[in-house]
Amino acid sequence: MSNIVILGAQWGDEGKGKLVDLLADRFDLIVRYQGGHNAGHTILIGDRKFVLRLVPSGILHPGKTAVIGNGLVIDPLALWEETEQLRAAGIDVDNQLKISNRAHVILTTHRLVEKISETLPGRVAIGTTLRGIGPTYEDKAGRRGIRMADLLDRDYFPGAVRQLIEDHVTRARAFGVEDNINADEIVAKYSEAAEKLRPLVCDTAVLLKNAMDSGKNLLFEGAQGTMLDLDNGTYPFVTSSSACAGGASTGTGVPPTKLDAIIGISKAYITRVGGGPFPTEALDDQGDLIRNRGHEFGSVTGRPRRCGWFDVPLLKYSAMLNGFETMVVTKLDVLDELAEIPVCVGYRVRGTVSTEMPATVRELAWAEPVYEVLPGWQSKTEGISDWDSLPAAAKAYVQFLEKCTGVEAGCVSTGPERTQTVVRSGSRFAAITGA
Ligand code: GDP
Ligand code: IMO
Ligand code: MG
């Protein structure tokens with residue numbers, strides 16, 4: 001076995017949590033490498049539903065170690081709350097969870113700063129989750145951030161935090177944003193959370209190295225998706241971290257040479273939450289049908305997700321950036337009722353059709369999708385777990401996506417449960433995962 005990265009190939013919410021949960025038993029450690037509690041990874045086990053935000057989905061498997069890597073931004077209050085919910089559900093968090101001492105800390109005032117950029121007239125609103133993610137990464141890049149190791153340093157933390165809070169409040173006031181920030185209260189609350197989290201914090205890069213040296217396997221759990229990646233996504237309508245495969249290395253301290261395979265997770269259609277261009281968005285009743293059948297409402301903010309058709313140029317771009325040769329096509333069952341299913345096979349930009357992804361959102365907004373319309377199957381695929389039992393038109397749909405993207409669909413998901421999964425025998429996916 002080897003070290004594998006599971007990541008979102010589109011704009012997030014592809015079903016990464018389900019796949020990580022499905023594969024976690026075959027690995028020893030499950031590692032998050034970027035993002036924060038903007039993520040919402042849903043796992044359904046029988047009648048129990050878990051929505052994990054910061055904690056890797058592998059924690060639900062007894063005995064597995066779940067690691068929050070250095071590339072994340074952590075709101076200690078939110079993390080404590082999440083761990084408490086898991087403890088209440090009988091999960092052995094205290095023995096299973098490890099948190100990087102190099103991960104950055106989200107302060108209450110990071111949310112205040114975010115409110116400015118998201119709500120002031122004249123600013124481009126990204127439609128963020130308002131969790132303070134972007135401003136915390138800004139402070140990280142600005143080299144004034146506070147890390148978990150700083151949070152645990154009782155002598156250093158109060159002074160450093162006050163300085164950063166002062167910085168945030170000054171900015172807020174300059175924009176006329178009212179604040180009720182009490183620095184003493186923040187220091188006290190965060191110091192309390194620090195003591196609770198202290199036993200879980202360590203140098204996770206060393207932990208991962210030692211684990212690999214003793215022959216253990218790592219499963220990396222991406223958050224968000226390729227098109228939300230800070231460098232390669234639909235900038236500026238992106239998140240502020242490296243959701244692409246490279247992030248698995250920088251966000252954990254595991255060298256790129258140790259990453260053996262990448263698996264892209266892609267819905268059989270596409271969704272997006274928040275602002276930004278979305279060439280294949282279905283603004284008609286078909287979009288509503290997908291939203292309702294797929295329960296496409298944000299697991300973090302509850303916002304309705306924008307829904308649209310599978311986008312070949314986007315997927316090809318994603319495969320190129322991440323280097324995945326196999327993908328999991330999720331939520332095929334959501335399309336069960338449709339008589340016809342359009343697939344975007346190219347973009348027409350200024351009269352020329354291409355499958356390349358434009359670099360700017362202006363160009364992307366102009367890109368006119370060129371569709372090929374495939375027949376639907378109008379029968380139930382929900383819960384089907386072997387390829388041969390899928391309706392012929394459903395198989396043809398998946399094979400069409402493979403042909404156009406050049407990426408194998410080694411696994412197809414037909415429902416939220418672990419058992420509702422087709423692993424194609426002889427596929428690269430099966431070989432990589434042993435599933
Ligand atoms: P993530 O952020 O990538 O982990 O995905 P989310 O959990 O935010 O959203 C995916 C949603 O789809 C969750 O509610 C899952 O339970 C659900 N889901 C995952 N795979 C399937 C599938 O194949 N079919 C259906 N109907 N639901 C699925
Ligand atoms: P998972 O891991 C879908 C989106 C937000 C917004 C943009 C920036 O569950 O797939 P941020 O708060 O990160 O600064 O917001 O990114 N976004 C997500 N969309 N799934 C997610 O996570 C997301 N995390 C952030 O809606 O458009
Ligand atoms: Mg999600």
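FYI, side chains are in, hydrogens and waters are out, and symmetry mates aren't considered; it's all heavy atoms of this structure. Counting starts at 1 for both ligands and their atoms, in listed order.
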ask   = Under 3.5 Å between some N or O of ligand 2 and some N or O of S299?
value = no
message = Taking a cutoff of less than 4.0 Å between a non-hydrogen atom of the residue and any ligand atom, is R272 in contact with ligand 2?
response = no
message = My understanding is that we take every heavy atom of each candidate and find the minimum distance to atom 3 (C) of ligand 2. Doing that for L130, D13, L230, T128, which one comes out nearest?
response = D13
key: Side chain, backbone, both or neither: the part of S299 lying under 4.0 Å from ligand 1 by heavy atom   = side chain
ask   = Does at least one non-hydrogen atom of R305 fall below 4.0 angstrom from an atom of ligand 1?
value = yes
request  = State the atoms of ligand 2, each with its element, that fall below the 4.0 Å cut-off from a heavy-atom position in R303.
outcome  = 5 (C), 26 (O)
key: R428/E325 ion pair, N-O < 4.0 Å   = yes
task = Examine ligand 2 and decide if any of its atoms is less than 4.0 Å from a heavy atom belonging to E14.
result = no
request  = Answer with yes or no whether H41 contacts ligand 2, where contact means a heavy atom under 4.0 Å from a ligand atom.
outcome  = yes
Sub-3.5 Å N/O-N/O distance, D13 and ligand 1 = yes
note = atom 24 (N) of ligand 1 has as its nearest protein heavy atom D333 OD1, 2.8 Å
inquiry  = Just to confirm my output: which protein heavy-atom neighbour is closest to atom 15 (C) of ligand 1, and how far is it?
reply    = T42 CB, 4.1 Å
ask   = Salt bridge check: are E281 and R306 linked by an N-O gap of less than 4.0 Å?
value = yes
From V273, L228, T239 - option closest to atom 18 (C) of ligand 2 by heavy atom = L228
query = Where does W11 meet ligand 2, judged by heavy-atom distances below 4.0 Å: at the side chain, the backbone, both, or neither?
reply = backbone
remark   = Out of K331, Q224, K49, the nearest non-hydrogen contact to atom 12 (O) of ligand 1 is supplied by K331
task = Salt-bridge test for E402 and R424: reply yes if a basic N is under 4.0 Å from a carboxylate O, no otherwise.
result = yes
inquiry  = Is there a polar contact between ligand 1 and G415, counting only N or O atoms under 3.5 Å apart?
reply    = yes
request  = Could you tell me whether ligand 2 has any atom less than 4.0 Å away from a heavy atom of G40?
outcome  = yes
ask   = Quick one: does M227's side chain get under 4.5 Å of L314's, heavy atoms only?
value = yes
query = With a 4.5 Å limit on heavy-atom distance, are the side chains of L7 and Y33 in contact?
reply = yes
query = Would you call K16 and E221 a salt bridge, taking side-chain N to carboxylate O under 4.0 Å as the test?
reply = no
query = Would you call K18 a ligand 1 contact, heavy-atom distance under 4.0 Å?
reply = yes
inquiry  = Measuring from non-hydrogen atoms of G8 to any atom of ligand 2, is the shortest distance under 4.0 Å?
reply    = no
key: Min heavy-atom dist T271 to ligand 2 below 4.0 Å   = no
request  = Please determine if R144 and D139 form a salt bridge, counting it only when a charged side-chain N lies under 4.0 Å from a carboxylate O.
outcome  = yes
key: Sidechain N-carboxylate O distance under 4.0 Å for R305, D13   = yes
query = Which single N/O/S atom of D13 lies at minimum distance from the Mg ion (ligand 3)?
reply = OD1
task = Report yes if G40 has an N/O atom closer than 3.5 Å to an N/O atom of ligand 1; otherwise report no.
result = yes
inquiry  = Does ligand 1 come near enough to V334 that some N or O of the ligand is less than 3.5 Å from an N or O of the residue?
reply    = no
query = With a 4.0 Å cut-off on heavy atoms, does L44 reach ligand 1?
reply = no
inquiry  = Can you confirm whether Y347 sits close enough to D311 that some side-chain heavy atom of one is under 4.5 Å from a side-chain heavy atom of the other?
reply    = yes
task = Test T65 against every option in K216, K98, Q96 by the side chain to side chain contact (heavy atoms under 4.5 Å, CB included) rule and name the one that passes.
result = K98
